[in-house]
Number of protein chains: 2
Amino acid sequence: MLKYAAPLQKLVEELEKLPGIGPKSAQRLAFFLLSRPDDEVEALGEAVLALKSQISLCSRCHNYTTGELCPICEDPHRDASAICVVEQASDLMALERSGEYQGVYHVLGGALSPVADIKPSDLYVSDLLERVRQVEPREVILATSPTVEGDATAEYLRQLIAQLPEPPQVTRIALGLPVGGDLDYADQVTVARALRGRTRMEG
Amino acid sequence: MLKYAAPLQKLVEELEKLPGIGPKSAQRLAFFLLSRPDDEVEALGEAVLALKSQISLCSRCHNYTTGELCPICEDPHRDASAICVVEQASDLMALERSGEYQGVYHVLGGALSPVADIKPSDLYVSDLLERVRQVEPREVILATSPTVEGDATAEYLRQLIAQLPEPPQVTRIALGLPVGGDLDYADQVTVARALRGRTRMEG
């Protein structure tokens, strides 16, 4: 129906497949790119093409990497005696942004879900157990999301790790009110968790 | 500071340059692309690269095209005796989406602006006058945006066209309340324009 030039139409269609980008945003982005200098648009196109051809999974933690190991596993300043278990590499990046964590990671590749038929064998669970057995870390931090699936995955991993010959300490990230959040607007489950997880104030 | 794999970092940086896409959206899009099949990501990359190399401006109306003329100028079913003048090709697409207009277009490439130092010589103004003189259309519809710049540009064009030997009818798109909009929420200038532009109801 629309009379776009074919390459413009094609780009709009491809952009529409991205999450959170509807027909109008896709068109706006395509017209924006048309108005930019050639080299800027080429840089974006090349970056998209390079993505899948140059990136693979870290053989140790399954984070994204261009080499055998990811930048975090390769960094000698990171504390290898703490392993933080996350569902996705994007969760790992959220933790990195906090600047709070100096240990290493293990990316599961998802969470257990009977509904979506995701079983332990679909995730990097046996890798994790093997790694914990070999490395013998001081602590394993379970940082799967505070959802039904993430909680179930954390509990499943806790049980498996507890069965190891010399199990490390297993912890779960804290649940509570988001910083800057208003108690009045928080959902009741979060408020209940925040109360249950209350800590002593020291003066 | 962040430990992205280099190609991922590069893509996030390129995506952040797009309008309406902040650091978080850029990261979300990059991780989404990583999770997609190779051919889908390649299709996006190729579409971005094809954009600037394959698209140029229509020699008649300055809409985007892959050939000498744009699909609208080439379409024999369009009414060449009505020329609708818009600021940008994206405005043209907005009018096309309405399905209301069967004439042809003229893209100015912007609006006059003393602040941004955009003069008539920076726009396709002389092209428009030459085209009107040659084609002798029945009507020229001024569909520049209802902004200070767009209104000034429309008034400027109206005066120029009126000085032609056999001037066509010159019209301006209607201003008023948006369909589905609430009178109570409309700004006072829009309400004033809607009142001034009121039309007789026929029963």
Side-chain angles (χ1 to χ4, degrees), chain A residues 1-8 10-15 17-21 23 25 27-56 58 63-67 70-72 75 88-90 92-94 96-97 99, chain B residues 1-8 10-15 17-21 23 25 27-56 58 63-67 70-72 75 88-90 92-94 96-97 99:
Chain A
M1 156 234 179
L2 284 189
K3 303 265 185 179
Y4 284 106
L8 189 58
K10 173 77 180 145
L11 179 60
V12 170
E13 280 167 17
E14 292 299 331
L15 289 171
K17 294 179 188 168
L18 300 177
I21 297 189
S25 307
Q27 190 201 307
R28 184 157 134 268
L29 289 174
F31 277 112
F32 172 82
L33 287 173
L34 267 174
S35 74
R36 304 305 300 167
D38 285 10
D39 57 347
E40 209 178 298
V41 180
E42 267 165 37
L44 173 63
E46 302 288 359
V48 171
L49 289 178
L51 191 67
K52 298 286 281 193
S53 60
Q54 293 182 14
I55 289 193
S56 56
C58 171
N63 182 16
Y64 292 116
T65 179
T66 46
C70 77
I72 295 173
D75 186 342
Q88 304 289 358
S90 49
L92 180 161
M93 295 316 303
E96 283 297 288
R97 272 197 301 275
Chain B
M1 150 236 182
L2 283 190
K3 302 266 185 179
Y4 284 105
L8 190 56
K10 173 78 180 144
L11 179 60
V12 170
E13 280 167 16
E14 293 298 332
L15 288 171
K17 294 179 187 167
L18 300 177
I21 297 191
S25 307
Q27 190 200 306
R28 183 156 136 272
L29 289 174
F31 277 112
F32 172 82
L33 287 172
L34 267 175
S35 73
R36 303 305 300 167
D38 285 11
D39 56 347
E40 209 177 299
V41 180
E42 267 165 37
L44 174 62
E46 301 289 359
V48 171
L49 289 179
L51 192 66
K52 298 286 280 193
S53 60
Q54 293 182 13
I55 289 193
S56 57
C58 172
N63 183 16
Y64 292 117
T65 178
T66 48
C70 78
I72 295 173
D75 187 341
Q88 304 288 358
S90 49
L92 180 161
M93 295 315 302
E96 283 297 287
R97 273 198 301 276

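These numbers come from a predicted model, not from an experiment. Naming convention: chains lettered A, B, ... in sequence-line order (proteins, then strands); numbering from 1 in each chain. Just so you know, these numbers use all the heavy atoms, side chains as well, and skip hydrogens, waters and symmetry mates.
For a residue to count as touching a neighbouring chain, one of its non-hydrogen atoms must lie under 4.5 Å from one of that chain's; by this rule A:Leu18 touches chain B with backbone and side chain alike. For chain A, the nearby part of B:Thr65 is the backbone; its heavy atoms alone come within less than 4.5 Å. Only the side chain of A:Ile55 comes within contact range of chain B, with at least one heavy atom under 4.5 Å from a heavy atom of that chain. For chain B, the nearby part of A:Ala30 is the backbone; its heavy atoms alone come within less than 4.5 Å. For A:Glu13, no part lies near chain B; criterion is any non-hydrogen pair under 4.5 Å.
In terms of heavy-atom pairs under 4.5 Å with chain A, the best-connected choice from B:Pro37, B:Gly20, B:Ala43 is B:Ala43. Interface summary for chain A: among B:Ala94, B:Gly45, B:Ser25, the most heavy-atom pairs under 4.5 angstrom belong to B:Gly45. In terms of non-hydrogen atom pairs under 4.5 Å with chain B, the most contact-rich of A:Asp38, A:Leu34, A:Leu51 is A:Leu34. If you tally non-hydrogen atom pairs under 4.5 Å between each of A:Lys10, A:Gln88, A:Glu46 and chain B, the highest count goes to A:Glu46. With chain B as partner, the option from A:Ala89, A:Ala50, A:Cys70 having the largest number of non-hydrogen pairs under 4.5 angstrom is A:Ala89.
Taking the side chain as every heavy atom from C-beta outward, B:Val41 and A:Leu49 never approach each other to under 4.5 Å. Residues B:Val48 and A:Leu15 fail the side-chain proximity criterion, which asks for heavy atoms closer than 4.5 Å.
In this structure, the separation between CG on A:Leu8 and CE on B:Met93 is 7.5 Å, given to the nearest 0.5 Å. One finds the OG atom of A:Ser35 at 6.5 Å from the OH atom of B:Tyr64 (value rounded to the nearest 0.5 Å).
Annotation for B:Lys17 and A:Glu40: closest pair CD-OE2, 4.3 Å, computed over non-hydrogen atoms. In plain terms, the two heavy atoms of A:Gln54 and B:Pro7 that are nearest each other are OE1-CG, 3.3 Å. Contact between A:Ala6 and B:Thr66 at its shortest, heavy atoms only, is N-CG2, 4.5 Å.
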